[in-house]
Amino acid sequence: MRVLITGVSGLLGINLAMGAMREHEVIGVDRGKLKSAPFHVLKADILKTDEIDSILDMTHPDWIINCAALANLEKCEEDPYQAKRLNTDLPSELATVCAKRNIQFLHLSTDSVFDGTNEEMYTEEDEPSPPGIYSQTKLDGERAVQQVNPQASIARVNFYGWSLGAKRSLAEFFVNNLSEGKNVNGFTDVIFCPLWVNHLSHILIEMLEKNLSGLYHVVGAQAMSKYQFGVEVARRFGLRENLISPQSVERSGLTARRSHNLWLSTHKLSTDLGHEIPLFSTGLDGFYTQFQQGYPQKIRGYQQ
Ligand SMILES: NC(=O)c1ccc[n+]([C@@H]2O[C@H](COP(=O)([O-])OP(=O)(O)OC[C@H]3O[C@@H](n4cnc5c(N)ncnc54)[C@H](OP(=O)(O)O)[C@@H]3O)[C@@H](O)[C@H]2O)c1
């Protein structure tokens, strides 16, 4: 299949492209960050009028995976207009052209559409209650996609991995700081379900191959606090876990509100895929193996 990936320079985009290119023809859309990636890269500003149509006239993809977003929660609070353009208007436009051109569309959303006040895990049936601009614009994006293209798939995700800038994921934060002997805080009151980006990428391609449509929770099968995640990363990398101080997110000074409980059920996904979601420990082993094999340096070498 020919797959077009927007936001290909992002944490998910680059890892997804690297994984998908083994079995599919990948075309990444980038604003100019990538220079020597091992897949085809188109430089384009997808927010510009008519840009998407001209990209599709040129490339004729079978699938589009939309990884472009304003995914920094603080930046969304500072610039709600740009957050809406990227997180709501862009997916809506992509979903519309995909429906018109008969292209399968997969859009990325977030676990944080929930405010986290539930004691239990959230299913796809639960009513979202976004706590801030990022989550509100992402939820609006989901709804716009569903409205204009009911065949589209939407994945609510949370993941970690190696990024181009070496700073995008929480796992990198812990590895970078602990490697330098720095003290860091780990939130004990934010529960989430981290999935290794390579497992996520594999599942997204599987969803397209199986033609799954509609809303799915695509997160790790194990819930843990961000503090516990830091400890697990430290242990796997042989770093000092006692440099991580347990702390409440309420004392973090972050401007955008964080949800306390983002424990999402993956029951619908594993049922429709016909297999379980990979274990957290398997993902962390994979993340560590990449480190040993120089993968972080390799992908950083693709930057301008
Ligand atoms: N990381 C997580 O754990 C997490 C959690 C929940 C949901 N998600 C969702 O998963 C998806 C991927 O997230 P990510 O962490 O990979 O995000 P990311 O690393 O911030 O990447 C975002 C991508 O969007 C591109 N982009 C930003 N502004 C753009 C613009 N004006 N025009 C075109 N492209 C633009 C960026 O390009 P530049 O490099 O040029 O800026 C980058 O390639 C997003 O939908 C996000 O909301 C992520």
Side-chain angles (χ1 to χ4, degrees), residues 4-18 28-35 37 41-49 51-52 55 64-76 79 81-91 93-94 105-114 128 130 132-142 145 153-173 190 192-201 203-204 216-220 226 229 256 258-259 262 264 283 287 299-300 302-304:
L4 189 101
I5 301 175
T6 60
V8 77
S9 58
L11 171 59
L12 175 57
I14 188 75
N15 288 289
L16 174 62
M18 297 286 288
V29 185
D30 173 44
R31 290 195 288 177
K33 222 174 236 178
L34 292 172
K35 66 160 185 217
V41 179
L42 265 182
K43 188 176 168 198
D45 178 356
I46 46 175
L47 291 182
K48 250 172 63 187
T49 318
E51 196 72 351
I52 293 169
I55 291 172
I64 295 183
I65 307 179
N66 180 32
C67 302
L70 190 60
N72 178 309
L73 276 65
E74 270 62 42
K75 283 196 183 141
C76 289
D79 192 349
Y81 172 71
Q82 188 69 354
K84 177 177 175 296
R85 283 182 82 201
L86 274 157
N87 297 340
T88 307
D89 302 343
L90 175 68
E93 197 189 331
L94 285 168
F105 182 53
L106 197 165
H107 173 60
L108 272 298
S109 187
T110 175
D111 55 351
S112 63
V113 293
F114 298 111
I133 303 288
Y134 170 68
S135 46
Q136 183 64 60
T137 54
K138 293 296 287 185
L139 178 64
D140 293 344
E142 285 184 6
V145 168
S153 357
I154 298 166
R156 288 181 179 154
V157 297
N158 199 309
F159 56 92
Y160 65 94
W162 300 107
S163 64
L164 281 186
K167 288 193 197 146
R168 178 72 188 110
S169 79
L170 184 62
E172 291 174 304
F173 166 82
V190 177
F192 73 139
C193 302
L195 184 62
W196 180 38
V197 72
N198 292 62
H199 283 155
L200 171 62
S201 303
I203 290 172
L204 295 176
Y216 284 89
H217 290 173
V218 190
V219 294
K226 297 215 164 175
F229 177 72
R258 262 64 178 181
S259 306
L262 293 174
L264 268 52
F287 180 67
I299 59 167
R300 268 169 236 157
Y302 300 152
Q303 272 187 107
Q304 293 280 18

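Whatever order the structure lists them in is the order used to number ligands and atoms, beginning at 1. All residue numbers in this chain count up from 1 along the given sequence.
At least one N or O atom of G7, backbone or side chain, sits closer than 3.5 Å to an N or O atom of ligand 1. Taking distance alone, with nitrogen or oxygen atoms compared against 3.5 Å, L11 approaches ligand 1 more closely than that limit. Residue contacts with ligand 1: N66 is placed with no nitrogen or oxygen under 3.5 Å of a nitrogen or oxygen of the ligand (distance criterion only). Backbone and side-chain nitrogen or oxygen atoms of K138 are examined, and one is located within less than 3.5 angstrom of a nitrogen or oxygen of ligand 1. Checked against a 3.5 angstrom limit, the closest N/O atoms of A68 and ligand 1 fall outside it. Ligand 1 has an N or O atom lying under 3.5 Å from an N or O atom of L12, backbone or side chain. Taking only nitrogen or oxygen atoms, main chain and side chain alike, D30 does not reach within less than 3.5 Å of ligand 1. Checking only distances, Y134 does come within under 3.5 Å of ligand 1, N or O to N or O. In terms of polar-atom proximity, defined here as any N/O pair under 3.5 Å, D111 makes no such contact with ligand 1. For ligand 1, the polar-atom distance check against L86 finds no nitrogen or oxygen pair separated by under 3.5 Å.
With a 4.0 Å heavy-atom cut-off, ligand 1 is reached by the side chain of I46 but not by its N, CA, C or O. In S112, neither the side chain nor the backbone holds a heavy atom less than 4.0 Å from any atom of ligand 1. Residue L47 touches ligand 1 through its side chain alone, judged by heavy-atom distances below 4.0 Å.
For atom 32 (N) of ligand 1, the closest non-hydrogen atom on the protein side is R31 CD, 3.5 Å. From the protein, the heavy atom lying nearest to atom 21 (O) of ligand 1 is G10 CA, 3.3 Å. Counting only heavy atoms of the protein, atom 4 (C) of ligand 1 lies nearest to F159 CE2, 3.5 Å. With respect to atom 11 (C) of ligand 1, the closest heavy atom belonging to the protein is L108 CB, 3.8 Å. When hydrogens are left out, the protein atom nearest atom 5 (C) of ligand 1 is V157 O, 3.5 Å; that is the closest non-hydrogen contact.
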* **Residue pair S112, S135: steps toward the side-chain contact (heavy atoms from CB on, under 4.5 Å) verdict** => CA-CA 6 Å; S112 63; S135 46; 4.1 Å; yes
* **Check against side-chain contact (heavy atoms from CB on, under 4.5 Å), Y302 and L34** => CA-CA 6 Å; Y302 300 152; L34 292 172; 4.0 Å; yes
* Go through V145 and S109 one step at a time and tell me if the side-chain contact (heavy atoms from CB on, under 4.5 Å) criterion holds. => CA-CA 11 Å; V145 168; S109 187; over 6 Å; no
* List the steps and the verdict of side-chain contact (heavy atoms from CB on, under 4.5 Å) for I52 and L90. => CA-CA 10 Å; I52 293 169; L90 175 68; 3.8 Å; yes
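Using bins of under 30°, 30° to 60° and over 60° for the plane-to-plane angle, the ring pair F105/H107 lands in the parallel bin.
Shown here is K43, whose NZ atom has no more than 12 heavy atoms of other residues, nucleotides or ligands within 6.0 Å.
Annotation for W162 and L11: closest pair O-CD1, 3.7 Å, computed over non-hydrogen atoms. Between D111 and L262 the shortest heavy-atom distance is O-CD2, 3.3 Å.
Relative to atom 15 (O) of ligand 1, the option among K33, R156, R85, R168 with the closest non-hydrogen atom is R168. Considering only non-hydrogen atoms, atom 9 (C) of ligand 1 lies nearest to S109 out of A69, G13, A71, S109.
Close contacts between ligand 1 and C67 involve ligand atoms 12 (C), 22 (C), 23 (C) [criterion: under 4.0 Å to a heavy atom]. Applying the 4.0 Å criterion to heavy atoms of S9 picks out, from ligand 1, the atoms 37 (O), 38 (P), 39 (O), 40 (O), 42 (C), 43 (O). Contact atoms of ligand 1 toward T110: 6 (C), 7 (C) (distance under 4.0 Å to a heavy atom of the residue).
Here the side chain of D30 pairs no donor or acceptor atom with the backbone of V8 at under 3.5 angstrom. Although no hydrogens or angles enter the test, the distance criterion places no donor-acceptor pair under 3.5 Å between the side chain of T6 and the main chain of V29. Side-chain atoms of R258 come within 3.5 Å of backbone N or O of A256 as a donor-acceptor pair.
Side-chain contact check for D140 and T88: no donor-acceptor pair (N or O, by modelled atom type) lies under 3.5 Å.
Separation of atoms CZ (F287) and CD (E172) is listed at 6.0 Å; rounding is to 0.5 Å.
Judged as a side chain to side chain donor-acceptor pair (under 3.5 Å), and not counting sequence neighbours, the contacts of R85 are Q82.
The closest approach between a heavy atom of N158 and any atom of ligand 1 is below 4.0 Å.
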